[in-house]
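Worth knowing before you read on, the calculation uses all heavy atoms, side chains too, and leaves out hydrogens, waters and symmetry mates. The sequence lines fix the lettering, A, B, ..., with proteins before strands; numbering per chain opens at 1.
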There are 2 protein chains.
Amino acid sequence: MSHSLGVRQAQKQKTRQALLDAALGLLEEQSLSSLGLREVTRVVGIAPTAFYRHFRDMGELGVVLVEEALGSLHVMVRAILAEQDGAEERIDRTVAVVEQHVRRYPLHIRFVARERHGGVRAVRQAIAGELDRFAEEVAAALKSQPVSEGWCDDDVRMLAELYVDRLVTTAAALLDAEADGAEGAAEQVVRVARRQLRLISIGRRHWREEHQE
Amino acid sequence: MSHSLGVRQAQKQKTRQALLDAALGLLEEQSLSSLGLREVTRVVGIAPTAFYRHFRDMGELGVVLVEEALGSLHVMVRAILAEQDGAEERIDRTVAVVEQHVRRYPLHIRFVARERHGGVRAVRQAIAGELDRFAEEVAAALKSQPVSEGWCDDDVRMLAELYVDRLVTTAAALLDAEADGAEGAAEQVVRVARRQLRLISIGRRHWREEHQE
DNA sequence: TCATCCAGTAAACAACCGTTCTCCGAACTA
DNA sequence: TAGTTCGGAGAACGGTTGTTTACTGGATGA
């Protein structure tokens, strides 16, 4: 697989990743705009000045974190939407995938939820763009389903945004529920999310017959 | 009007409010956890140490801002839900009220959207608590509507949370749309929000006949 | 009128910040 | 092997931060 990248570049990528990981860890309890450059390098164990070898500032690091956090989502959504089961099974599967994603990458989820409306413009825009691409994929998948016959593109997109937003909100709620340590809280969130998606699904099926402009 | 409150206390409340206003202004482009005490007092024009006469730290100020921002919402939602028009009219009215609320108190909305998942625990909890009370009010109002006959309390609450979350998300999206300066962006957000609420409303009407547990 | 209260002031504190500049030494390349 | 590249170290910079301590002067209430 290519020519092993060289010792020099390998080391560089290693500390670069260490910076990203350290930042992500520290961001569990702060927001990006209050996270200091020195704070991150201290955790990694390198001099503060070495930070500049990898990122111009914390904003740039934040944008990379966004890609790292939201990149894996696309694979996930494809897997869900490709299935051809009934609506009920797809809902259960969707919520289950969100649930395990939250459990596997809690720090990434928290970061996105926090910085989506956070204080760093570049990061906000990166998240918005990524979620937009996400919604576009969902819309494309929804459109190809039989239930969407006769729907105009705007309405499909509207529904897709509704879904995406619900998933993001659910993920954040799930995270808070687990952090608060309440025992059945997480299951409660999951049950509510399932029913909400079910209600939306019902509304979708009756959209054409009841919706008039 | 009571007994005019005294010159002393009046002055104190005045600078206290000035601190809150200055902070809210500065928070348009930062998050609370990166907002400094000195920064706020500098804008108000008082000595940094005077801050402690009003708040223990920025977190405490943030909690007060939450009450200030979300307190007026309750009046708003009561006004909407008390109306007895048809579903369609209620949706239009709801979105219109959200729209004018965003235009009147943009800084408050931005603050809530930003700090809802922000880096200060006390503020997050304050927002969560307030939104919870909000959802409870909506649930109570929904329950008394004829459409909700035969609904169990859990389902009503589930629907209420769906509505509340949609309103908050819409408000934030509306804010971003206006900030970005794109001409028709705000109207687009409003139209999408209306259709989403419509779809939810349709799902609600068919919930009992299609939902089985 | 006079003692008391108390919002705001002023100075000083140690701690931290981002950033620049210079240098080192190991990995690269020719 | 000799020369170059470059990730990282180290020191120093001016500036900002939260917090403490002691003080001032006008509103307050007996």
Side-chain angles (χ1 to χ4, degrees), chain A residues 2-23 25-27 29-65 115 118-123, chain B residues 1-27 29-65 115 118-123:
Chain A
S2 79
H3 46 358
S4 73
L5 211 63
V7 178
R8 193 76 149 280
Q9 291 206 19
Q11 249 308 322
K12 177 165 185 181
Q13 279 205 342
K14 208 168 170 182
T15 73
R16 182 187 141 107
Q17 190 59 46
L19 284 169
L20 289 167
D21 293 345
L26 290 166
L27 285 172
E29 289 168 352
Q30 322 177 29
S31 52
L32 186 63
S33 61
S34 73
L35 179 61
L37 165 163
R38 294 182 104 106
E39 210 172 338
V40 179
T41 55
R42 200 180 304 131
V43 172
V44 176
I46 62 174
T49 53
F51 180 89
Y52 295 105
R53 302 290 180 192
H54 303 273
F55 308 99
R56 187 181 306 275
D57 51 28
M58 289 295 306
E60 196 172 294
L61 181 144
V63 171
V64 175
L65 273 184
E115 302 302 330
V120 183
R121 186 186 308 268
V123 172
Chain B
M1 17 208 85
S2 72
H3 47 357
S4 73
L5 212 63
V7 179
R8 187 86 140 257
Q9 291 208 17
Q11 249 307 322
K12 177 165 186 181
Q13 280 206 340
K14 208 168 171 182
T15 73
R16 181 187 141 108
Q17 190 58 47
L19 284 170
L20 289 167
D21 293 346
L24 195 60
L26 290 167
L27 285 171
E29 289 169 352
Q30 338 179 14
S31 53
L32 186 61
S33 61
S34 73
L35 179 60
L37 163 167
R38 295 182 105 107
E39 210 172 338
V40 179
T41 57
R42 199 180 305 131
V43 171
V44 176
I46 61 175
T49 52
F51 181 89
Y52 295 106
R53 302 289 180 193
H54 303 273
F55 307 99
R56 187 182 307 275
D57 52 27
M58 288 296 305
E60 196 172 294
L61 182 145
V63 171
V64 175
L65 272 184
E115 301 303 330
V120 184
R121 185 187 308 270
V123 172

- Flag yes if more than 12 heavy atoms outside E29(B) fall under 6.0 Å of its CD atom; otherwise flag no.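 Check fails, neighbour count at 12 or below.
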
Rounded to whole angstrom units, what separation is found between the [atom1] atom of [X] and the [atom2] atom of [N]?
{"X": "F51(B)", "N": "dG8(C)", "atom1": "CZ", "atom2": "P", "answer": "12 Å"}
{"X": "E60(A)", "N": "dG18(C)", "atom1": "CD", "atom2": "P", "answer": "15 Å"}
{"X": "Q13(B)", "N": "dC6(C)", "atom1": "CD", "atom2": "C1'", "answer": "15 Å"}
{"X": "R42(A)", "N": "dG8(D)", "atom1": "CZ", "atom2": "C1'", "answer": "18 Å"}
{"X": "Q11(B)", "N": "dT9(C)", "atom1": "CD", "atom2": "C1'", "answer": "15 Å"}
{"X": "H54(A)", "N": "dC6(D)", "atom1": "NE2", "atom2": "C1'", "answer": "11 Å"}
{"X": "K14(A)", "N": "dG8(D)", "atom1": "NZ", "atom2": "P", "answer": "12 Å"}
{"X": "I46(A)", "N": "dC6(D)", "atom1": "CD1", "atom2": "P", "answer": "18 Å"}

- Message: Testing R8(B), Q9(B), Q13(B), K14(B) one by one against Q11(B) for a side chain to side chain contact (heavy atoms under 4.5 Å, CB included), which residue passes?
- Response: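 Exactly one candidate clears the test, K14(B).
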
- Message: Give me the atom names and distance for the closest heavy-atom approach of L19(B) to I46(B).
- Response: CD2-CD1, 4.2 Å

- Query: Looking at V123(B) and E115(B), what are the two nearest heavy atoms and their distance?
  - Reply: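 Looking at all heavy atoms of both residues, the shortest contact is CG1-CB, 3.8 Å.
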
- Each nucleotide of nucleotides 19-30 of chain C classed B (base within 4.0 Å of a protein heavy atom), S (only sugar-phosphate) or -, in 5' to 3' order, makes BB-----BBS--

- Item | Nucleotide of dG8(D), dA7(C), dG7(D) approaching K12(A) most closely (side-chain heavy atoms) |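 Nearest listed nucleotide: dG7(D).
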
- Between OG1 on residue T15(A) and NE2 on residue H54(A), distance to nearest 0.5 Å: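 Result: 3.0 Å between the selected atoms.
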
- How far does CZ of R38(B) sit from CZ of F51(B), to the nearest 0.5 angstrom? 12.5 Å

- Message: So R16(A), base contact, sugar-phosphate only, or nothing? Heavy-atom distance under 4.0 Å.
- Response: nothing

